[in-house]
Amino acid sequence: MIRYSDLFLDFDDTLYDTHGNAVIALRELFDLLHLGQYFPDPEVFYDEYWKTNIDLWTRYSKGEITRDYLIVERFRRPLSFGNGLEPTEAYCLEASDRFLDFCSSKPGLVEGAKELMDYLKGKGYRMHMCSNGFHEVQYKKLRACGLDGYFDTIILSEDAGYNKPAPQYFDYAFRVSGAKRETTLMIGDNFNTDILGAQQAGLATAYFNRFPDYPAPEPVDYEVTSLLQLMDIL
């Protein structure tokens, strides 16, 4: 078995329960903005938000849209389904700011994340957080969930100038972390962004498949369905 010295770890929905925390935050936002007067059924708003969010983040990771466009559009679209609500850019920005404040204060982790990080730290691995998330939000999330002391390097796409899966992102990650390709393992839950991007950059990969009914569409070095299974690999 190859002895890895460095681990590139995706953060959102690999370690930090981004979706679960955002579900709570979205409900808090709905109440704060009194959206019940525009949405008799709140599920209409929630469903449209998630569909829009997936679409925009996919496009953002490919470099097709800007950060500013994503921030406004991910609320403009779902809010446009409200009866009598005509969301302006300023209103969407306010909604985004409030939502991100709610999200970044949530401590929820993916099951097994804290145990895994304690184990990896005890084993002496150098750990590097690799994320397309926004700079001002990710550091707040790290503090909120208690993982801010575990990483040797925080590698964000806004600092790199490129998003995962771009090879330039991984080139930047190696430069700032000092890791070597042949002894680095990428761990992530997004097959296209984390796994394919890392493979194209010459890294070994461990795919955290949170939906085991759908196995990895292409070969990977390792595939796990729980974070604790990574202990058997590392």
Side-chain angles (χ1 to χ4, degrees), residues 10-111 113 131-145 156-166 188-194 210-211 213-214:
D10 174 57
F11 184 63
D12 288 293
D13 286 320
T14 296
L15 300 172
Y16 187 75
D17 188 10
T18 305
H19 184 272
N21 292 327
V23 166
I24 299 170
L26 206 60
R27 291 171 181 160
E28 292 174 339
L29 180 71
F30 190 91
D31 292 339
L32 177 72
L33 298 182
H34 306 290
L35 295 180
Q37 60 186 312
Y38 305 110
F39 292 88
D41 182 358
E43 293 300 325
V44 173
F45 173 68
Y46 300 148
D47 290 346
E48 289 301 324
Y49 172 82
W50 288 116
K51 286 191 292 186
T52 299
N53 198 56
I54 291 170
D55 172 58
L56 292 175
W57 274 102
T58 300
R59 293 169 62 192
Y60 180 71
S61 69
K62 295 177 181 178
E64 296 175 355
I65 60 174
T66 66
R67 174 188 189 275
D68 291 342
Y69 179 85
L70 185 153
I71 288 174
V72 173
E73 193 69 8
R74 71 171 167 183
F75 281 103
R76 188 195 65 78
R77 288 192 205 172
L79 287 170
S80 295
F81 281 80
N83 297 325
L85 179 59
E86 297 181 3
T88 63
E89 180 174 330
Y91 187 83
C92 292
L93 287 171
E94 179 187 358
S96 178
D97 288 344
R98 298 288 188 175
F99 176 69
L100 292 178
D101 284 342
F102 286 143
C103 282
S104 60
S105 66
K106 300 289 183 289
L109 290 168
V110 174
E111 184 176 359
S131 172
N132 284 348
F134 301 144
H135 197 280
E136 70 275 16
V137 177
Q138 298 303 75
Y139 283 96
K140 290 180 182 178
K141 288 179 179 178
L142 276 168
R143 290 191 294 271
C145 72
L156 301 181
S157 59
E158 287 186 323
D159 296 326
Y162 296 91
N163 298 323
K164 292 182 294 180
D189 73 301
N190 187 305
F191 195 84
N192 292 323
T193 303
D194 301 322
R210 300 184 67 181
F211 305 98
D213 288 341
Y214 302 93

Throw together a table of side-chain donor-acceptor distances under 3.5 angstrom for residues 79-99, partners on residues two or more places apart or in other chains.
{"unit_1": "S80", "atom_1": "OG", "unit_2": "R76", "atom_2": "O", "d": "2.6"}
{"unit_1": "T88", "atom_1": "OG1", "unit_2": "Y91", "atom_2": "N", "d": "3.1"}

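- Residues C103 and A25 come closest through the heavy atom pair SG-CB, 3.6 Å.
- With rounding to the nearest 0.5 Å, the separation of OH in Y69 from CZ in R74 is 13.5 Å.
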Ring pair (Phe, Tyr, Trp, His ring centres under 6.0 Å) evaluation trace for W57 with F134: CA-CA 12 Å; W57 274 102; F134 301 144; 5.3 Å; yes
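- Rounded to the nearest 0.5 angstrom, R59 CZ and T66 OG1 are separated by 10.0 Å.
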Step-by-step side-chain contact (heavy atoms from CB on, under 4.5 Å) determination, W50 to V23: CA-CA 9 Å; W50 288 116; V23 166; 3.7 Å; yes
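- No side-chain heavy atom of F102 sits under 4.5 Å from any side-chain heavy atom of L26.
- The CG atom of D10 sits 8.5 Å away from the OG1 atom of T193 when rounded to the nearest 0.5 Å.
- In this structure, the side chain to side chain contact (heavy atoms under 4.5 Å, CB included) partners of A113, at least two apart in sequence or on a different chain, are L15, L109, L227.
- Summarising the geometry of R210 relative to D17, their closest heavy-atom pair is NH2-OD1, 4.1 Å, with the distance given to 0.1 Å.
- Residues meeting the side chain to side chain contact (heavy atoms under 4.5 Å, CB included) test with D12, sequence neighbours left out: Y16, T18, S131, Q138, K141.
- For Y139, the ring pair (Phe, Tyr, Trp, His ring centres under 6.0 Å) partners at least two apart in sequence or on another chain are H135.
- Scanning for ring pair (Phe, Tyr, Trp, His ring centres under 6.0 Å) contacts around Y46 gives F30, with sequence neighbours left out.
- When the shell of 6.0 Å around CZ of R27 is examined, it contains 12 or fewer heavy atoms from other residues, nucleotides or ligands.
- F11 CZ to N132 CG: the interatomic distance, rounded to the nearest 0.5 Å, is 13.5 Å.
- Side-chain N or O atoms of Q37 include one that pairs as donor or acceptor with a backbone N or O of H34 at under 3.5 Å.
- Evaluated for a side-chain hydrogen bond (donor to acceptor under 3.5 Å, both in side chains) with T14, the options D189, N190, D194 yield exactly one hit, D189.
- If you take CG on L70 and OG on S61, they are separated by 10.0 Å, rounding to the nearest 0.5 Å.
- The two residues D101 and K140 come nearest to each other via the heavy atoms OD1-NZ, 3.9 Å.
- Judged purely by atom type and a 3.5 angstrom limit, N163 uses its side chain to pair as donor or acceptor with the backbone of Y60.
- Legend: residues meeting side chain to side chain contact (heavy atoms under 4.5 Å, CB included) with D41, ordered by chain and number and at least two apart, are E43, V44.
- With salt bridges taken as basic N to acidic carboxylate O contacts below 4.0 Å, none links E48 and R77.
- Not a single donor-acceptor pair under 3.5 Å links the side chain of N21 to the backbone N or O of P107.
- Between K62 atom NZ and K164 atom NZ the span is 15.5 Å, to the nearest 0.5 Å.
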